[in-house]
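A quick note: this is a predicted structure, and the numbers were derived from the prediction, not measured.
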Amino acid sequence: MFLRYMMLFAVGFGISLIVFWSRKQASQNLKWLLLTVSGATASVLMNYFEMCDTSLEFMQMTHNLGYIFKNCTLICFLMFLFSYCDIKIKKEVTQGMAAFALVYSVTVASNGFHGLVYKPIAIGEDFIVPYLKLEPHILYYVFAVCQLALMLFGGMLFAKRIPESRGVQRKRYFFLTAVVASPILGQLVQVLFKNSPLDCITYALILSMVLLLVLTKRYGLLDTVILAKENIMDNTKEGLLVVDTDFNVLYANSTVTKRYPTIMKLETEEEKAGLIQLVKEREGVYKKEGYYVEIRVSDIREDNILRGYLIWTFDMSFLNEYTNEILHLKDKAEQADEEKTA
């Protein structure tokens, strides 16, 4: 009974997630994510129906529908991946994925006639809920390998962006990688233990939905305003550095990491002491790594409680160039005067 209630709760959770996201501003990312969660919720529902019946024909039908919904979930999530990562894909790739989904759906739905995917053996009754015992055939493994390849491709695209990103965006890519990794592990376990009474992929999808909720609520996955603010902070020509009250670096925008790669690295106690002194002085002009930098410090407060410091860095090297140019012109003028009086 516990597993049945768990499946029902997961279905309710999926529907709540769909309703919650439907209230957000429409976007391409949201469309694919809604389709992804809809497919995952439908596959969980099919797993629940499979647990509640002891008819071989009905269990085979719900099992097939569960396969189809899981595959649609995978395709929709891949489309979300391409949209979220702004990856331009050719029309042929989209058509190929649609063709794969169609062939998969038709083949699984007609398995009762040809048996190329699996052969139902019996209803397993040696577990707390009934389950379908089956004998996988060649197409079962072919489809499993194709799905694993697609999921690994998606997971690697997200994982590749983790070291390239910073701050909240890095956490988003980390969680999105985990969202993909969960069904990958579920698929591997399902293939290795083909007669397991538990549908491991279904439980992996439930975990992925929970991670997506965390991404949305905690890290603003679908919040355009938050994304815009982050892009502004990251793309501004001024350097931005955020440290907590213990002077640990929490965030550095691309200007700091690219233009001043070592300016604020707190690798030694001496460097940390220098930063503490800088915060106390609040502002000043310093020469770092061959650059003249103006630094200003402001407090980050929440309910009048100090949470950290925001450090702005402004490249003032152009002032040094102007000064050198003025001195050079002054020297030339003096030299010209000397030549006239000579």
Gap separating the [atom1] atom of [X] from the [atom2] atom of [Y], nearest 0.5 angstrom:
{"X": "Thr216", "Y": "Leu211", "atom1": "OG1", "atom2": "CG", "result": "10.5 Å"}
{"X": "Phe49", "Y": "Met46", "atom1": "CZ", "atom2": "CE", "result": "5.0 Å"}
{"X": "Phe77", "Y": "Leu150", "atom1": "CZ", "atom2": "CG", "result": "12.5 Å"}
{"X": "Gln147", "Y": "Ile184", "atom1": "CD", "atom2": "CD1", "result": "11.5 Å"}
{"X": "Ile75", "Y": "Trp32", "atom1": "CD1", "atom2": "CH2", "result": "9.5 Å"}
{"X": "Leu306", "Y": "Ile300", "atom1": "CG", "atom2": "CD1", "result": "8.5 Å"}

- Parallel, tilted or perpendicular, as decided by the 30° and 60° cut-offs, for the rings of Tyr67 and Tyr104: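 Judged by the thresholds at 30° and 60°, the geometry between Tyr104 and Tyr67 is perpendicular.
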
- Query: Angle class for the Phe153/Phe82 ring planes (parallel below 30°, perpendicular above 60°, tilted otherwise)?
  - Reply: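 Phe153 vs Phe82 ring planes: tilted.
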
When you compare the side chain of [Y] with that of [X], does any pair of heavy atoms fall below 4.5 Å?
{"X": "Leu134", "Y": "Gln60", "value": "no"}
{"X": "Leu56", "Y": "Leu132", "value": "yes"}
{"X": "Leu3", "Y": "Leu198", "value": "yes"}
{"X": "Lys31", "Y": "Trp21", "value": "no"}
{"X": "Met156", "Y": "Val180", "value": "no"}

Quick check: are there more than 12 heavy atoms from other residues, nucleotides or ligands sitting under 6.0 Å from [atom1] of [X]?
{"X": "Phe193", "atom1": "CZ", "result": "no"}
{"X": "Phe174", "atom1": "CZ", "result": "no"}
{"X": "Tyr141", "atom1": "OH", "result": "yes"}

Which heavy-atom pair separates [X] from [Y] by the least distance, and what is that distance?
{"X": "Ala10", "Y": "Val44", "result": "CB-CG1, 3.8 Å"}
{"X": "Phe158", "Y": "Cys85", "result": "CE2-SG, 3.6 Å"}
{"X": "Leu139", "Y": "Thr107", "result": "CD1-CG2, 3.6 Å"}
{"X": "Thr62", "Y": "Met59", "result": "OG1-O, 3.0 Å"}
{"X": "Arg4", "Y": "Pro130", "result": "NH2-CD, 3.6 Å"}
{"X": "Ile123", "Y": "Ser55", "result": "CD1-C, 3.9 Å"}

Is there a chain of hydrophobic side chains (I, L, V, M, F, W, Y, each step under 4.5 Å between heavy atoms) that links [X] to [Y]?
{"X": "Leu81", "Y": "Leu74", "value": "yes"}
{"X": "Tyr84", "Y": "Leu213", "value": "yes"}
{"X": "Leu35", "Y": "Phe20", "value": "yes"}
{"X": "Leu157", "Y": "Leu212", "value": "yes"}
{"X": "Leu188", "Y": "Leu205", "value": "no"}

- Query: Would Met79 and Ile89 count as a side-chain contact (heavy atoms from CB on, under 4.5 Å) if you check the C-alpha gap in whole Å, the side-chain angles of each, and the deciding distance to 0.1 Å?
  - Reply: CA-CA 10 Å; Met79 295 305 297; Ile89 57 174; 4.1 Å; yes

Using modelled atom types only, decide if a donor and an acceptor are shared between the side chain of [X] and the backbone of [Y] within a distance under 3.5 Å.
{"X": "Gln190", "Y": "Cys200", "answer": "yes"}
{"X": "Ser182", "Y": "Val179", "answer": "no"}
{"X": "Arg307", "Y": "Arg301", "answer": "no"}
{"X": "Arg172", "Y": "Tyr219", "answer": "yes"}
{"X": "His137", "Y": "Gly115", "answer": "yes"}

- Message: Quick one, Leu176 with Arg161, criterion side-chain contact (heavy atoms from CB on, under 4.5 Å). Give me CA distance, side-chain angles, the key distance, then yes/no.
- Response: CA-CA 11 Å; Leu176 286 169; Arg161 281 167 165 73; over 6 Å; no

- Examine Tyr140 together with Tyr118 and report whether their ring centres are nearer than 6.0 Å.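 Tyr140 vs Tyr118: aromatic centres not under 6.0 Å.
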
- Criterion side-chain contact (heavy atoms from CB on, under 4.5 Å) on Tyr48 and Met6, from CA distance to verdict: CA-CA 9 Å; Tyr48 169 75; Met6 180 180 174; over 6 Å; no

- Item | Residue pairs involving residues 67-83 (criterion salt bridge (Lys or Arg N to Asp or Glu O under 4.0 Å); sequence neighbours excluded) |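 Sorted result for residues 67-83: Lys70-Asp199.
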
- CA sep, side-chain torsions, deciding dist, call: Leu34, Leu17, side-chain contact (heavy atoms from CB on, under 4.5 Å): CA-CA 9 Å; Leu34 282 172; Leu17 202 55; over 6 Å; no

